Amino acid sequence: MILVVDIGNTNIVLGMYEAGELLHHFRLSTSRQATSDEYGVMIHNLFRMSGVDADRIEGVMISSVVPPIVGVIEQMCRKYLKKTPLIVGPGIKTGLNLRYENPREIGADRIVNAVAAVELYGGPLVVVDFGTATTFDCVDAQGNYLGGAIVPGVGISTEALYQRASKLPRIELEKPKKVIGRNTVHAMQAGIIYGYAGQVDGIVKRIRKEMDAEDLKVVATGGLAPLICAETESVREVNPLLTLEGLRLIYERNRIVKA
């Protein structure tokens with residue numbers, strides 16, 4: 001059994017795998033103030049409620065876009081799970097050829113998503129990840145990671161409307177019945193959901209032309225992917241747990257088998 005941990009700006013997502021199968025997954029709020037002991041208590045409570053035996057965990061794989069938390073989670077793994085985790089970064093085998101000007105600038109989650117998408121769907125492809133930022137990551141037919149685009153995430157944009165426009169309320173994100181909203185909440189929901197769907201289709205169209213790939217596969221992930229991508233024309237695959245699968249694959253490619 002292995003534990004994979006994706007540390008994002010908004011959430012920490014954990015997955016428990018056994019024999020390549022995802023048994024459990026959990027989502028915690030990312031807290032830069034929480035200590036390793038606090039994270040240890042939270043994770044052990046999740047394990048206990050789900051019937052997970054922590055003693056059966058043989059390895060841990062971590063990706064993070066929040067550097068200050070990596071050491072805290074690493075310490076938690078050593079103290080409470082008795083395991084030193086592998087961390088996505090320099091020296092870790094991914095199987096991708098990174099064609100980025102400075103590979104150290106690429107967010108670990110973007111690499112992990114690309115690894116999983118290539119394994120599951122094959123290239124050429126683009127992965128659209130609806131996280132704190134919405135990212136577009138491109139891989140060609142030969143498995144070369146080419147780069148992509150980054151735009152403000154759905155949550156950031158929604159909160160900005162509330163914070164910067166005095167008369168606009170904070171809203172729940174759900175699909176309105178029509179694009180033409182008859183009240184402020186529906187108008188905001190329409191603008192955000194259909195606006196982001198159009199943004200995805202527009203960027204993907206440009207990526208397809210730039211990569212000269214008519215057979216480009218478009219894979220979406222992230223918590224809001226099902227909501228937004230239901231309104232797109234370009235997205236054909238939605239896999240909200242793509243990052244966890246990528247972490248599992250990278251762990252398998254880097255595991256040290258004891259004699």
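All figures in this text were calculated on a predicted structure; none of them were measured in a lab. Residues take their numbers from the sequence shown, with the count starting at 1.
For Ala54 against Leu81, the heavy-atom pair with the smallest separation is CB-CD2, 4.1 Å. Closest heavy-atom contact between Lys217 and Gly123: NZ-O, 3.5 Å. Contact between Val88 and Ala108 at its shortest, heavy atoms only, is CG1-CB, 4.0 Å. Nearest heavy atom pair, residue Met211 against residue Pro124, reads CE-CB, 4.0 Å.
Atom-to-atom distance recorded for Arg170:CZ and Thr158:OG1 is 10.5 Å, nearest 0.5 angstrom. Atom CD1 of Ile12 is separated from atom CD1 of Ile43 by 7.5 Å, given to the nearest 0.5 angstrom.
Two residues are said to be in side-chain contact when any heavy atoms from C-beta on lie closer than 4.5 Å; Val118 and Leu125 meet this criterion. Counting heavy atoms from C-beta outward, Arg78 and Ser36 have side chains that stay 4.5 Å or more apart. Side-chain contact between Val219 and Val128 is absent, with no heavy atoms from C-beta onward closer than 4.5 Å. Looking at heavy atoms from C-beta onward, Leu120 lies out of side-chain contact with Glu237 at the 4.5 angstrom threshold. You'll find the side chain of Ile111 stays beyond 4.5 Å of the side chain of Tyr145, heavy atoms only. No side-chain heavy atom of Val218 sits less than 4.5 Å from a side-chain heavy atom of Ile207. By the 4.5 Å heavy-atom criterion applied to side chains, Cys229 and Val200 are not counted as neighbours.
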Side-chain atoms of residues 150-157: list all donor-acceptor pairs with protein atoms under 3.5 Å, sequence neighbours left out, distances to 0.1 Å.
unit_1 : atom_1 : unit_2 : atom_2 : d
Ser157 : OG     : Gly153 : O      : 3.2
Ser157 : OG     : Tyr196 : OH     : 2.6

Only distances under 3.5 Å count here; give the side-chain donor-acceptor pairs of residues 89-101 to other protein atoms, sequence neighbours excluded, each with its distance to 0.1 Å.
unit_1 : atom_1 : unit_2 : atom_2 : d
Thr94  : OG1    : Leu96  : N      : 3.1
Asn97  : ND2    : Asn144 : OD1    : 2.8

Extract all donor-acceptor atom pairs below 3.5 Å that involve side chains of residues 55-68 and protein atoms in other chains or at least two apart in sequence.
unit_1 : atom_1 : unit_2 : atom_2 : d
Arg56  : NH2    : Glu18  : OE2    : 2.3
Glu58  : OE2    : Arg255 : NH2    : 2.5
Ser63  : OG     : Asp6   : OD1    : 3.1
Ser64  : OG     : Val66  : N      : 2.9
Ser64  : OG     : Val66  : O      : 3.2

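Around CD of Glu214, the count of heavy atoms belonging to other residues, nucleotides or ligands within 6.0 Å does not exceed 12. Within 6.0 Å of atom CG in Asp212, 12 or fewer heavy atoms from other residues, nucleotides or ligands are found, so the atom counts as exposed in its surroundings.
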Give the C-alpha distance, both sets of side-chain angles, the deciding distance and a yes or no for side chain to side chain contact (heavy atoms under 4.5 Å, CB included) between Met16 and Leu14. CA-CA 7 Å; Met16 298 295 307; Leu14 305 95; over 6 Å; no

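Residues passing the salt bridge (Lys or Arg N to Asp or Glu O under 4.0 Å) test with Arg236, sequence neighbours excluded: none. Remark: Asn113 engages Val127, Asp129, Thr221, Leu242, Thr243 in a side-chain contact (heavy atoms from CB on, under 4.5 Å) (not counting sequence neighbours). By the side-chain contact (heavy atoms from CB on, under 4.5 Å) test, Leu241 pairs with Leu22, His25, Asn239, Leu244, sequence neighbours left out.
Hydrophobic clustering of Ile, Leu, Val, Met, Phe, Trp and Tyr side chains at less than 4.5 Å, counting indirect connections, keeps Tyr17 apart from Val52.
In this structure, Glu38 contributes its side chain and Thr35 its backbone to a donor-acceptor pair below 3.5 Å. Between the side chain of Asp201 and the backbone N or O of Thr232, no donor-acceptor pair lies under 3.5 Å. At distances below 3.5 Å, at least one donor-acceptor pair connects side-chain atoms of Asn183 with backbone N or O atoms of Val185. Here the side chain of Tyr39 pairs a donor or acceptor atom with the backbone of Ser31 at under 3.5 angstrom. Between the side chain of Gln189 and the main chain of Glu172, a donor-acceptor pair closer than 3.5 Å is present.
Ring geometry for His24 versus Phe26: interplanar angle under 30°, hence parallel rather than tilted (30 to 60°).
Between Arg253 and Glu119 there is a salt bridge, with a side-chain nitrogen of the basic residue lying less than 4.0 Å from a carboxylate oxygen of the acidic one.
Under the side chain to side chain contact (heavy atoms under 4.5 Å, CB included) rule, Ile7 has a single partner from Val72, Asp109, Leu28, Ile69, which is Ile69.
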